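Since the model is a prediction, treat every value here as computed from it, not as a measurement. In this chain, residues are counted from 1 in sequence order. Read the numbers this way: they start at 1 and go in the same order the structure lists the ligands and their atoms.
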Amino acid sequence: MPPTVLVLNGPNLNLLGSREPEIYGHETLSDIAALCERAAATLGLAVDFRQSNSEAELVGWVQEARTTRAGIILNAGAFTHTSVALLDALTASALPVIEVHLSNIFRREEFRRHSYVSLAARGVICGLGSQGYELALAAMARLLAKTSGKKPANKKTPAKVKRTR
Ligand code: DHK
């Protein structure tokens with residue numbers, strides 16, 4: 001069984017595709033879930049992809065992940081900027097956490113520049129749209145390989161590099 005990474009999405013991310021596409025893009029959350037499945041398969045990981053509008057539910061899922069998942073990738077939506085409860089759950093999980101945001105939170109309103117989640121995160125990726133999830137999975141694969149001592153899988157055929165002088 002490949003290590004399973006919990007990919008958690010917070011409030012309003014169920015509206016992706018129709019919610020402020022100029023900020024969050026045109027892809028739906030199902031598109032991003034499919035992208036994560038594909039990326040995970042090439043990295044030798046499995047994903048458990050979830051979304052909730054409820055802080056309590058997200059906290060519950062992080063608590064469950066403590067003993068059942070290898071790591072957490074989290075776009076906590078607006079809870080990023082408000083939730084000490086989510087931060088505490090992530091810290092208690094002792095799992096590697098990577099924080100993702102579709103938008104560049106530093107180019108937006110002042111209140112989005114502070115993240116409680118970041119205090120528990122090994123790394124943060126923002127502003128790259130859905131590609132941020134793919135990058136987070138690649139980074140997670142390397143983190144997990146480091147702790148297990150195994151090489152990260154890369155099942156993609158390496159691209160041919162054309163050399164020019
Ligand atoms: C998503 C949200 O819903 C916002 O509340 C955050 C984040 C930013 C994102 O860019 O993915 O501020």
- Using a distance-only test with no angle check, is there a side-chain donor-acceptor pair under 3.5 angstrom linking Thr28 and Asp31? yes
- For the residue pair Glu99 and Ser115, confirm or rule out a side-chain donor-acceptor distance under 3.5 Å. yes
- Message: Tell me whether Arg142 at atom CZ has more than 12 heavy atoms from other residues, nucleotides or ligands lying less than 6.0 Å away.
- Response: no
Expected rows: ligand 1 N/O, protein N/O, dist below 3.5 Å:
| unit_1 | atom_1 | unit_2 | atom_2 | d |
| --- | --- | --- | --- | --- |
| ligand 1 | 3 (O) | Arg19 | NH1 | 3.0 |
| ligand 1 | 3 (O) | Arg19 | NH2 | 3.0 |
| ligand 1 | 5 (O) | Ala78 | N | 3.1 |
| ligand 1 | 5 (O) | Arg112 | NH1 | 3.2 |
| ligand 1 | 10 (O) | Leu102 | N | 3.2 |
| ligand 1 | 10 (O) | Ser103 | N | 2.8 |
| ligand 1 | 10 (O) | Ser103 | OG | 2.6 |
| ligand 1 | 11 (O) | Asn75 | ND2 | 2.9 |
| ligand 1 | 11 (O) | Leu102 | N | 2.8 |
| ligand 1 | 12 (O) | His81 | NE2 | 2.7 |
| ligand 1 | 12 (O) | Arg112 | NH1 | 2.8 |

- Would you say Asn12's side chain and Asn53's backbone share a donor-acceptor pair under 3.5 angstrom? no
- Query: Taking C-beta and beyond as the side chain, do Pro3 and Leu45 meet within less than 4.5 Å on heavy atoms?
  - Reply: yes
- Message: I need the single residue from Val5, Val62, Asp48 that forms a side chain to side chain contact (heavy atoms under 4.5 Å, CB included) with Arg69. Which is it?
- Response: Asp48
